[in-house]
Amino acid sequence: MSDVIALVFDFDDTLAPDSTSGFLNEIGVDVEDFWSRKVDPLLFEQDWDPVPAFLYQMIELSRSGKHGAITLDRLEDWGRRLPLHSGVESLFQRLRVQVERDHPQIRLEFYLISSGIGDVLRNTSIAHEFTDIWASEFIYDGEGGIEFPKRVVSFTDKTRYLFHIQKGIVGASSRNKPFEVNRKIPSERLRVPFEQMIFVGDGYTDIPCFSLIRRSGGVAFGVWDPRHRHKRSRAWGFIQEGRVSNLNQARYDDEAELYQWLEEAVESLAGRIALKNRTYRG
């Protein structure tokens, strides 16, 4: 029986304020204008998917030269300076200590699946906490500016990476194998069954993951950023539709309700795994 629990996070508005908007603001872009006048017309007038729409407009912005080329160096620098939600820096170690103390036979792993920009996320102060990170990616032109999306992670694309985790197709050894996730693996050999996953997210792109994890017996938490109270009603819709197990502010301090629920969820899954293992061994 698998002895791994996977705690899977979205990033933007889940672990940190929106990283793309933050970057655009840093380089002097009118963020509201970018989303409402550049991205929204692509969505509502030309039927674009939301993620390629904002990636395309970032490429157009870079090529315009108005705020300078958007380069790998600028994206990585922003990642290193990007602020995180309260308690996030120590979240991972606190949960690891809990599991090691109460269930030393259980391994707790963390994963990040985001529609945001990978070259930003891999340079945050918490990037080393994740067994793997999947996000949208650019390729760069000869002058170093963003040129074209290399990977787009949106909606059901996110569930693809849940299957990567389930089958153990993670880390450096999984790279350059774009079809490996389709390989059939017997249920008894799955590295992390969906029922041993916890997913934490805030937005519409997380809905397929919410649904898959809950339907499969795992735990899904919806969060909302208290600095953007208008997003709370959207998150509340996830509760009304039965997509998430719980809804909380995106705060992760010891006393925060979300952190306490995460502790309970990890404890519950660890106890379930321990019971299964004892039953399996007869």
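FYI, the numbering just counts along the sequence from 1.
A donor-acceptor pair is defined here as one N or O able to donate and one able to accept, closer than 3.5 Å; no such pair exists between the side chain of S216 and the backbone of G218. With D33 contributing its side chain and R37 its backbone, the two residues share no donor-acceptor pair below 3.5 Å. Between the side chain of D18 and the main chain of D12, no donor-acceptor pair closer than 3.5 Å is present. Within the 3.5 Å criterion, the main-chain N or O of V152 finds no donor-acceptor partner in the side chain of E137. Between the side chain of K167 and the backbone N or O of I185 there is no donor-acceptor pair closer than 3.5 Å. Listed for the S136 side chain is a donor-acceptor partner under 3.5 Å among the backbone atoms of S115. Without hydrogens or angle criteria, S211 side chain to P208 main chain gives no donor-acceptor distance under 3.5 Å.
I169 and V181 get closest at one heavy-atom pair: CD1-CA, 3.6 Å. The nearest pair of heavy atoms linking P17 to H85 is N-CE1, 3.7 Å. Taking both residues in full, the closest heavy atoms of L190 and P193 are given as O-CD, 4.2 Å, listed atom of the first, atom of the second, then distance. The two residues G145 and A69 have their closest heavy-atom pair at CA-CB, 4.5 Å. Of all heavy-atom pairs between A270 and I106, the closest is CB-CG1, 4.2 Å. Summarising the geometry of V223 relative to D202, their closest heavy-atom pair is O-CB, 3.2 Å, with the distance given to 0.1 Å.
A donor-acceptor contact closer than 3.5 angstrom is absent between the side chains of S19 and W78. Between the side chains of E89 and S125, at least one donor N or O lies within less than 3.5 Å of an accepting N or O. With no hydrogens or angles considered, a side-chain donor-acceptor pair links S90 and R94 at under 3.5 Å.
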Requested in this report: Could you go through the side-chain contact (heavy atoms from CB on, under 4.5 Å) check for L258 and Q249 one step at a time?
Outcome: CA-CA 7 Å; L258 175 58; Q249 292 186 12; over 6 Å; no
**Report entry** Test side-chain contact (heavy atoms from CB on, under 4.5 Å) applied to L262 and Y252, step by step
**Finding:** CA-CA 9 Å; L262 286 173; Y252 300 87; 4.1 Å; yes
**Report entry** Pair V51-V153, side-chain contact (heavy atoms from CB on, under 4.5 Å): steps then yes or no
**Finding:** CA-CA 7 Å; V51 178; V153 177; over 6 Å; no
Query raised in the report: Passes side-chain contact (heavy atoms from CB on, under 4.5 Å), R74 versus I27? Steps please.
Result: CA-CA 9 Å; R74 294 179 85 180; I27 65 174; 3.0 Å; yes
Query raised in the report: Are R63 and E143 close enough, and set up right, to give a salt bridge (Lys or Arg N to Asp or Glu O under 4.0 Å), and what steps lead you there?
Result: CA-CA 11 Å; R63 288 173 175 167; E143 283 70 50; over 6 Å; no
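How far CG of L15 is from CG of L121: 9.5 Å, rounded to the nearest 0.5 Å. The distance from the OG atom of S21 to the CD atom of E32 is 10.5 Å, given to the nearest 0.5 Å. The line from CG of D141 to OG of S62 is 7.0 Å long, rounded to the nearest 0.5 Å. Taking CZ of R160 as the reference point, atom CG of L162 lies at 12.0 Å (rounded to 0.5 Å). Here D206 contributes atom CG and I113 contributes atom CD1; the two are 9.0 Å apart, rounded to the nearest 0.5 Å. L75 CG to I146 CD1: the interatomic distance, rounded to the nearest 0.5 Å, is 6.5 Å.
Taking the salt bridge (charged side-chain N to carboxylate O under 4.0 Å, His left out) definition, one finds that D40 meets it with nothing, sequence neighbours left out. Annotation: ring pair (Phe, Tyr, Trp, His ring centres under 6.0 Å) contacts of F110 (sequence neighbours excluded): F92.
Annotation for N176: atom CG does not count as buried by contact number, only 12 or fewer foreign heavy atoms lying within 6.0 Å. Counting heavy atoms of neighbouring residues, nucleotides and ligands inside a 6.0 Å radius, atom CG of D47 does not exceed 12 of them. Q46 CD: more than 12 foreign heavy atoms inside a 6.0 Å radius. Dense packing is recorded around CZ of R175, with more than 12 heavy atoms of other residues, nucleotides or ligands lying under 6.0 Å away.
For F199 and F210, the ring centers are positioned less than 6.0 Å apart. For an aromatic pair to be called close, the ring centres must be under 6.0 Å apart, and F194 with F163 satisfies this.
For the pair R122/E76, no side-chain contact is recorded, criterion being any heavy-atom separation below 4.5 Å from C-beta on. Looking only at side-chain heavy atoms (C-beta outward), Y259 and L91 come within less than 4.5 Å of each other. Counting heavy atoms from C-beta outward, M197 and I213 have side chains that approach closer than 4.5 Å. Inter-residue side-chain proximity for I117 and F23 is flagged as unmet; no heavy-atom pair is nearer than 4.5 Å. At least one side-chain heavy atom of V170 sits under 4.5 Å from a side-chain heavy atom of Y111. Within the 4.5 Å cutoff, the side chain of F9 has heavy atoms near those of the F130 side chain. Using a 4.5 Å heavy-atom threshold, the side chains of L108 and L95 count as touching.
Cluster annotation: V97 and L7 are assigned to distinct hydrophobic clusters (Ile/Leu/Val/Met/Phe/Trp/Tyr, side-chain heavy-atom contacts under 4.5 Å, transitive). Tracing side-chain contacts under 4.5 Å through hydrophobic residues (I, L, V, M, F, W, Y), one never reaches I139 starting from L72; they form parts of separate clusters.
Between R272 and E267, none of the side-chain N atoms (NZ, or NE/NH1/NH2) sits under 4.0 Å from a carboxylate O, so this pair counts as no salt bridge. The residues R191 and D3 are annotated as not salt-bridged, no charged nitrogen and carboxylate oxygen being separated by less than 4.0 angstrom. Between R96 and E129 there is a salt bridge, with a side-chain nitrogen of the basic residue lying less than 4.0 Å from a carboxylate oxygen of the acidic one. In summary, E26 and R81 engage in a salt bridge, as defined by a charged side-chain N under 4.0 Å from a carboxylate O. At a threshold of 4.0 Å, the pair R151-D157 does not count as salt-bridged, since none of the basic side-chain nitrogens sits closer than that to a carboxylate oxygen.
Using cut-offs of 30° and 60° for the angle between ring planes, the W261 and F221 rings count as tilted.
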Run the side-chain donor-acceptor check on residues 54-61: report pairs under 3.5 Å with partners two or more places apart or on a different chain.
residue	atom	partner	partner atom	Å
Q57	NE2	K38	O	2.9

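Between R107 and the options E109, H103, Q105, a side-chain hydrogen bond (donor to acceptor under 3.5 Å, both in side chains) holds for only E109.
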